[in-house]
Novice: 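Structure below; questions to follow.
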Amino acid sequence: MNPNSTAATFFGSACVALAVLAAHVAIAAEPQRHFRPDAPNAAAYTLPDPLVSRDGRKITTAEQWTHVRRPEVLELFREHVYGRVPDTPYRQTFTVVNENPRAMNGAATLRQIAIKIEADGGSGKPVTIHLNLFVPNARTKPAPAFLLICNRSVDNIDPTREKKSEFWPAEDGIARGYAMAAFFNGDVAPDKKNSHDQGIHGLLNRGTPAPDAWGTLAAWAWGASRCLDYLQTDPAIAKEQVAVIGHSRGGKTALWAGAEDQRFALVCSNDSGCGGATLSRRKTKEKETVTVINRAFPHWFNANFKAYGGREAELPVDQHMLMALIAPRAVAVHSAEQDLWADPRGEFLSLVHARPVFQLFGRQALGESPQMPAINEPLQGDGAQYHIREGKHNLTLVDWTSYWDFADRVFAR
Ligand code: GTR
């Protein structure tokens with residue numbers, strides 16, 4: 001038996017079976033909801049136990065998790081999935097290029113910040129991340145903030161607010177008392193194959209990338225951390241209360257950013273699917289697989305990850321361990337009913353199976369043997385939230401509202 005698999009995983013499978021059964025019962029009572037909680041052909045699988053170290057030791061305390069197992073799991077994800085950030089030294093400057101204290105009819109202050117990254121020694125093309133930030137003017141203390149990793153066009157994060165989109169409903173966030181920050185992922189690295197000589201890869205990579213060198217998701221996550229570097233210097237922002245949020249490929253990125261950078265207090269994944277919230281080992285005929293994602297988007301992950309298409313059982317990690325890396329901070333996983341490509345149930349189960357790690361910190365995550373909630377009824381737990389919205393693959397105001405509701409609780413507002 002794989003030393004990373006334990007009896008706990010059989011218990012886990014039993015929970016899965018129970019949860020599946022329970023969810024089917026719920027659906028039978030609500031035939032108008034056409035969501036199928038589980039694809040009928042999900043094959044059996046066994047997850048690695050987050051609480052057994054590589055040398056077979058059982059992890060029983062928060063301290064052991066923090067000092068032994070967490071660094072090990074983080075390294076496993078770097079080595080086998082997302083890749084390692086190079087240690088090339090760089091310099092970073094923040095320039096406020098535009099400021100408007102009366103934005104949004106006086107409701108907010110807009111700051112546009114150019115975050116310029118240069119390699120030490122000055123070689124290579126500098127990278128500039130354009131951070132847009134609205135801070136609520138009606139506040140008595142520094143505001144908690146949401147940082148969106150925008151993987152759609154820059155129109156979605158328009159600082160002039162001539163164009164508005166649900167993808168970044170900045171006015172609504174301001175009305176809720178949250179600072180709203182966003183950057184375009186393409187500022188950090190282009191979303192295209194064979195781009196290891198471009199963007200931040202071009203600036204910081206030295207020589208041919210190693211099999212464990214950072215992929216594009218890791219580069220975007222690194223960019224989110226540079227935005228957080230700025231946010232932590234801005235006196236209008238509560239620096240211990242910054243959430244990172246992303247949709248789809250941006251959601252995968254948000255989760256990895258939250259794993260790599262423990263300064264993010266809340267991590268919000270939206271429809272992140274394969275390589276994000278959903279379990280790689282869980283297979284259904286509708287969902288994206290490791291083989292498919294590596295073929296379509298080889299640049300997102302490191303070269304080592306390519307070996308795991310069709311061999312997911314050999315991965316030393318699965319995505320519940322990515323959720324676990326966020327503990328004891330808060331994580332919200334959102335899915336959409338029709339987005340079977342992202343595998344809502346697999347996204348839910350990742351959170352369920354991360355619970356033992358949250359429990360080391362006295363947090364209950366989604367609670368004991370939780371059932372997948374009904375459509376549009378967020379399941380708010382202790383340090384974790386799961387929400388499945390009706391509709392398609394998208395980031396909508398319904399999602400944002402639920403993230404803000406959860407953040408109100410996390411930040412005790
Ligand atoms: C899809 C991809 C998904 C998801 C999505 C997106 O084509 O297969 O993994 O990331 O793109 O980012 O919108």
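Only heavy atoms go into these numbers, but all of them, side chains included; no hydrogens, no water, no symmetry mates. Both counts, for ligands and for their atoms, begin at 1 and track the order of listing.
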Novice: For atom 4 (C) of ligand 1, what's the nearest protein heavy-atom neighbour? Residue, atom name and distance, please.
Specialist: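 Checking every protein heavy atom, the shortest distance to atom 4 (C) of ligand 1 gives S248 OG, 2.9 Å.
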
Novice: Counting from 1, what ligand 1 atoms have a heavy atom of W300 closer than 4.0 Å?
Specialist: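 It comes down to these atoms of ligand 1: 9 (O), 10 (O).
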
Novice: Could you tell me whether I293 approaches ligand 1 through its side chain, its backbone, both or neither, with non-hydrogen atoms closer than 4.0 Å?
Specialist: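 Contact part for I293 vs ligand 1: side chain (C-beta onward).
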
Novice: Quick test: of every protein heavy atom, which one is nearest to atom 7 (O) of ligand 1, and how far off is it to 0.1 Å?
Specialist: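 The answer is F297 CZ, 3.5 Å.
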
Novice: Start with the C-alpha gap between M321 and R69, add the side-chain angles, then the distance that decides, and say whether side chain to side chain contact (heavy atoms under 4.5 Å, CB included) holds.
Specialist: CA-CA 11 Å; M321 291 155 78; R69 184 59 172 155; 3.4 Å; yes

Novice: Checking contacts here: is it the side chain or the backbone of R249 that comes within 4.0 Å of ligand 1, counting heavy atoms only? Could be both or neither.
Specialist: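 It is both parts that get close, each with some atom under 4.0 Å.
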
Novice: Does the side chain to side chain contact (heavy atoms under 4.5 Å, CB included) test come out yes or no for H299 and N194, once each step is laid out?
Specialist: CA-CA 7 Å; H299 55 294; N194 302 320; over 6 Å; no

Novice: Looking only at heavy atoms, which two atoms of P344 and Y386 are closest? And how far apart?
Specialist: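 Looking at all heavy atoms of both residues, the closest pair is O-OH, 3.3 Å.
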
Novice: Which residue owns the protein heavy atom closest to atom 9 (O) of ligand 1, what's the atom, and how far is it?
Specialist: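 Result for atom 9 (O) of ligand 1: E288 OE1, 2.6 Å.
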
Novice: Are D234 and Y230 close enough that a side-chain donor and a side-chain acceptor fall under 3.5 Å?
Specialist: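 Per modelled atom types, D234 and Y230 side chains form a pair under 3.5 Å.
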
Novice: Can you find a non-hydrogen atom of H247 under 4.0 Å from ligand 1?
Specialist: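 No heavy atom of H247 comes that close to ligand 1.
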
Novice: Tell me whether the NZ or CZ atom of R413 lies within the 45° cone about the ring axis of Y178 and under 6.0 Å from its centre.
Specialist: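 Yes - R413 lies over the ring of Y178, closer than 6.0 Å to its centre and within 45° of its axis.
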
Novice: Mind listing the closest non-hydrogen atom pair of W168 and M180 along with its distance?
Specialist: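 Heavy-atom minimum between the residues: CZ2-O, 3.4 Å.
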
